[in-house]
Amino acid sequence: MAASSAVWSAASSTAPPTAPPVTSAAASDVEGKHTGVQVGDTKQRLLLLVLDGLGWAPEGEHNPLSEADIPFISRLAEDVPPTLLEASGSVVGLPPGQVGNSEVGHLTIGTGRTIPQASVKIRDTITGGGFRGCPALADVFARSRAGGTPVHVIGIASEGGAHGHIDHIGAVLDLAEEYGWSDRTYVHAVSDGRDVPARTALHDLAQLEKRGARLATVVGRKLAMDRSGRADRTESVVAALTGANGAPGTTGDWRAAVQEHYAAGVTDEHLPPLVLDAPRIAPGDEIVMTNFRPDGLRQLATALAATGRPLTTMTRYSDDIPASVVFDQEHVDGTLAQAVAAAGLAQVHIAEREKYGHVTYLLNGYTQQRQAGERHIMVASRTDVPSFDLAPEMSAREITERLIGELRSGEAQFLVANIANIDTVGHTGNYDAVRQAAEVVDACLRDIAAAAAEHGAYLLVTADHGNGESMREADGVTPSTRHTTSPVPLWLLGADRALAPSGDLRDIAPTCLHLLGIEPPAAMSGRVL
Ligand SMILES: O=C(O)[C@@H](CO)OP(=O)(O)O
Ligand SMILES: [Mn+2]
């Protein structure tokens, strides 16, 4: 079935009684401008719901959504084919063909334009001659040589490209060589298994060694890149890296250790710290973190900076972390949140902890600042399960209840929320759990849509990137844990107008503003759909 006409068959064909009317009635003129809601419309309440990781792909055996019992979404898709939005590659500031992710997805949704990503600037810097022209990195090696101190490079060591890239670690090693400091530069590799297939560390670590890396530790991103506030995870990594109390003993051969973990069913993302035969990070040693995406290493950076060791990070992970920054990211002005506030409307942003930074810091253009009338609500993420396939419902119900409460109270005219299940469970590679996640999301969506209809709010339903709609690698067998380049759907409920049939993530903010009766800022390059 063609993606543009995909309708996932629901196991149950009964339409939910609470489904609000969905209309495909309004016409569009030849210019691609759509009649229906006009600027100045008085409804002036809108909920933007991001169903994280819901890409739109043909039905098929690799798509758990085609087997899921999701009557609400199925009926929606039957009544109104969704507008399909591009959510990967250059429209979201990434290299062409690169899968989208929640960072660039929310950033593009909230700013209504393409924000060129640090990953592209870094890649261009490397191909243009390497890091020697980057003062923050050159200073690291100048200081180390002068003081005789080692340099420790920490970063995700894969070709995934969502949080960092193995080549960026390689480029730091090249710089070490230029400074004659290779012998004193050590790599603490974070194994991925989430943006690449689940067992690629053996290959990636071997690549690093080929590039001359002296491997000091290896640890899975589940621990090293925890962003759920699990201090125990972060502390265990700090202990392994610094040799503090609680550090595990030295593992002789990383190949044998990784293979042993594979045999026990532990894949790259979940590898416990492997401590190799190399110096630990001593007080005064330089630390360089190569991840460019800020959220993954934020907790570890905070913890290591607190030990007083000099820290250099590829981008600014947080305004609160004392670090030299190689590629600083400027705040973006003229965002959706700013335009809503400037119009005198109140807004609320809601997500569970796993995606809270996405609907706040990233959606608002790399700032933790709130506008007048802007509230943020963080719903707790489950911490009682080692992996979310064991709790595919995650915290979707609580988010739904908060949203319904907000719709009922009428305090905010603009509401934005993220429901993380399809993406977060998608990363576990567990096909059946994604099916269950989709069923939970569908039931929540039904209730949210009913509340939006009852309280007179437009509802825009969309996603930030694809993931859960394709749960097998190209071989048709290996479970896929990663994002996709699928377009994402966009539906508008509660308005007597249709959306344009296609667009991209930049178009969401102008469309929201238009529905709220606000002129989109000129800086937004997206169009009203
Ligand atoms: O989990 C993450 O950090 C990424 C994948 O690396 O997913 P998302 O962009 O959806 O947050
Ligand atoms: Mn994801």
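Note that these values count all heavy atoms, side chains included, but never hydrogens, waters or copies made by symmetry. As the structure lists them, so they are numbered: ligands from 1, and atoms in each ligand from 1.
Centroid-to-centroid, the aromatic rings of H331 and Y366 stay 6.0 Å apart or farther.
Under 4.0 angstrom from ligand 1, the non-hydrogen atoms of K355 all belong to its side chain. In D195, the part holding a heavy atom less than 4.0 Å from any atom of ligand 1 is the side chain. Of the heavy atoms in R221, only side-chain atoms (C-beta onward) come closer than 4.0 Å to ligand 1.
Minimum interatomic distance between T217 and A240 (heavy atoms only, all atoms of both residues): CG2-O, 4.0 Å.
Those atoms of ligand 1 with a heavy atom of S102 less than 4.0 angstrom away are 8 (P), 9 (O), 10 (O), 11 (O). Atoms of ligand 1 found under 4.0 Å from any heavy atom of H163 (numbered from 1 in listed order, with element): 2 (C), 3 (O), 4 (C), 6 (O). Applying the 4.0 Å criterion to heavy atoms of N101 picks out, from ligand 1, the atoms 9 (O).
The closest approach between a heavy atom of H483 and any atom of ligand 1 is below 4.0 Å. At least one heavy atom of H358 sits closer than 4.0 Å to an atom of ligand 1. For H465, the heavy-atom gap to ligand 1 drops under 4.0 angstrom.
With Y361 as the aromatic partner, R298 meets the cation-pi criteria of under 6.0 angstrom to the ring centre and within 45 degrees of the ring axis.
Annotation: side chain to side chain contact (heavy atoms under 4.5 Å, CB included) contacts of A213 (sequence neighbours excluded): L173, V187, L208.
Taking a cutoff of 4.0 Å between a charged side-chain nitrogen and a carboxylate oxygen, R382 and D384 qualify as a salt bridge. A salt bridge between R482 and D192 is absent, with no side-chain N of the basic residue lying under 4.0 Å from a carboxylate O of the acidic one.
At a threshold of 2.8 Å, the Mn ion (ligand 2) has a backbone or side-chain N, O or S atom of D423 nearer than that distance. Metal site remark for the Mn ion (ligand 2): H427 contributes an N, O or S atom at a distance under 2.8 Å.
A ring pair (Phe, Tyr, Trp, His ring centres under 6.0 Å) check over residues 85-105, counting only residues at least two apart or in different chains, returns nothing.
Looking from atom 11 (O) of ligand 1 to the surrounding protein, the closest heavy atom is R293 NH2, 2.8 Å.
Between D464 and ligand 1, not a single N/O pair is under 3.5 Å apart. Considering backbone and side-chain N/O of D295, none are found under 3.5 Å from N/O of ligand 1.
Around atom CD of Q368, more than 12 heavy atoms belonging to other residues, nucleotides or ligands sit under 6.0 Å away.
For the 3.5 Å distance criterion, the side chains of D52 and H358 fail to qualify, holding no donor opposite an acceptor.
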